[in-house]
Amino acid sequence: MNNNTLPMKKLVQIIFACCLILCSCEKEARSPLEQIQAGAPVVTDQAASVTEISVVLYGYVNPQYLMMGGECGFIISTSPSPSLNNGKKFSSNEIDLNGRYSVALTNLSSSTKYYFKSYVTSGTSYLEGEAKGFTTKSVRA
């Protein structure tokens, strides 16, 4: 074996091992705001203030999608895959400078699992975020 090949093989093995380590590292999940800043059109954030009959839903929208007269909001359903066919659409009028918006819902059923996802319309485009869920609280005896 040539003396020059041994160091080259070691170098290739080290580079390969480094690549494996880097590729196997799990990426940290980005916050909804970071996703919007990275160019996502709409992101479903969270459900908060859940009671027996109400909830406040939060999402983020990329402001460029609203410049053309777009609309944002949520679709809510008892189906794990909320859609316009099996759920109700609620639009939001309150959007902050970061693109965060919310919708407060009332008259929900207690002890019920609901699913929701954010949406944005822009021109003829209709885009949706991922579906998330929450369960309303039980009525206290």
Side-chain angles (χ1 to χ4, degrees), residues 1-2 4-141:
M1 189 177 281
N2 185 334
N4 291 336
T5 5
L6 189 57
M8 185 59 96
K9 280 186 177 182
K10 288 275 188 206
L11 181 62
V12 169
Q13 290 173 343
I14 291 170
I15 291 172
F16 181 72
C18 289
C19 287
L20 282 177
I21 290 169
L22 288 174
C23 291
S24 66
C25 291
E26 198 171 303
K27 289 184 180 179
E28 286 185 35
R30 290 193 279 178
S31 73
L33 179 57
E34 290 171 327
Q35 292 175 50
I36 290 297
Q37 290 170 340
V42 65
V43 177
T44 307
D45 191 6
Q46 64 180 337
S49 305
V50 180
T51 70
E52 296 86 359
I53 61 166
S54 64
V55 67
V56 179
L57 304 177
Y58 291 94
Y60 282 85
V61 63
N62 192 319
Q64 74 179 8
Y65 288 89
L66 299 177
M67 289 181 189
M68 297 166 47
E71 170 189 272
C72 64
F74 298 95
I75 298 170
I76 185 168
S77 175
T78 53
S79 167
S81 300
S83 70
L84 294 173
N85 294 329
N86 63 24
K88 289 181 103 178
K89 182 173 138 179
F90 298 90
S91 62
S92 176
N93 297 323
E94 303 287 325
I95 302 167
D96 73 13
L97 295 175
N98 291 319
R100 189 172 197 214
Y101 64 94
S102 63
V103 170
L105 303 176
T106 57
N107 298 322
L108 301 175
S109 299
S110 65
S111 304
T112 303
K113 177 77 175 184
Y114 287 96
Y115 299 89
F116 67 102
K117 64 180 164 183
S118 52
Y119 75 85
V120 62
T121 62
S122 178
T124 58
S125 297
Y126 176 82
L127 305 162
E128 298 177 342
E130 70 175 307
K132 294 189 176 183
F134 67 92
T135 302
T136 51
K137 296 181 178 180
S138 300
V139 174
R140 296 180 191 139

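For reference, positions follow the sequence shown, starting with 1.
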Closest approach of [X] and [Y], non-hydrogen atoms and distance?
X	Y	result
Lys132	Thr44	NZ-O, 3.2 Å
Arg30	Ala38	NH1-CB, 3.0 Å
Ser91	Val103	O-CG2, 3.8 Å
Lys117	Glu130	CB-O, 3.4 Å
Ala48	Tyr58	CB-CE1, 3.8 Å
Val42	Ser118	CG2-OG, 3.4 Å

Could you grab the distance from atom [atom1] of [X] to atom [atom2] of [Y], nearest 0.5 Å is fine?
X	Y	atom1	atom2	result
Met67	Asn62	CE	CG	8.0 Å
Ile36	Gln64	CD1	CD	9.5 Å
Glu94	Arg100	CD	CZ	13.0 Å
Cys72	Leu66	SG	CG	5.0 Å
Ile75	Asn85	CD1	CG	9.5 Å
Leu57	Phe116	CG	CZ	5.0 Å

Could you tell me whether the side chain of [X] and the main chain of [Y] form a donor-acceptor pair under 3.5 Å?
X	Y	answer
Asp96	Asn98	yes
Tyr60	Gln35	no
Ser77	Pro82	no
Ser92	Gly73	no
Thr136	Ile53	no
Ser109	Thr112	no

Exercise for review: Salt-bridge test for Glu52 and Lys137: reply yes if a basic N is under 4.0 Å from a carboxylate O, no otherwise.
Suggested key: no
Check your understanding: Please, which pairs that meet ring pair (Phe, Tyr, Trp, His ring centres under 6.0 Å) have at least one residue in residues 89-111, sequence neighbours excluded?
Key -> Phe74-Tyr101
Practice item. Run through Thr51, Val50, Val55 and flag the one making a side chain to side chain contact (heavy atoms under 4.5 Å, CB included) with Leu108. Key: Val55
Check your understanding: When you check the side-chain N and O atoms of Ser125 and Ser122, is any donor under 3.5 Å from an acceptor?
Key -> no
Check your understanding: For Ser111 and Ser138, does a side-chain donor sit closer than 3.5 Å to a side-chain acceptor?
Key -> yes
Review point. Is the number of heavy atoms from other residues, nucleotides or ligands within 6.0 Å of CG (Asn93) greater than 12?
Key: no
Check your understanding: Are any non-hydrogen side-chain atoms of Leu127 and Tyr65 less than 4.5 angstrom apart?
Key -> yes
Point to revise | Chi angles and distances behind the side chain to side chain contact (heavy atoms under 4.5 Å, CB included) call for Phe134, Lys113 | key: CA-CA 6 Å; Phe134 67 92; Lys113 177 77 175 184; over 6 Å; no
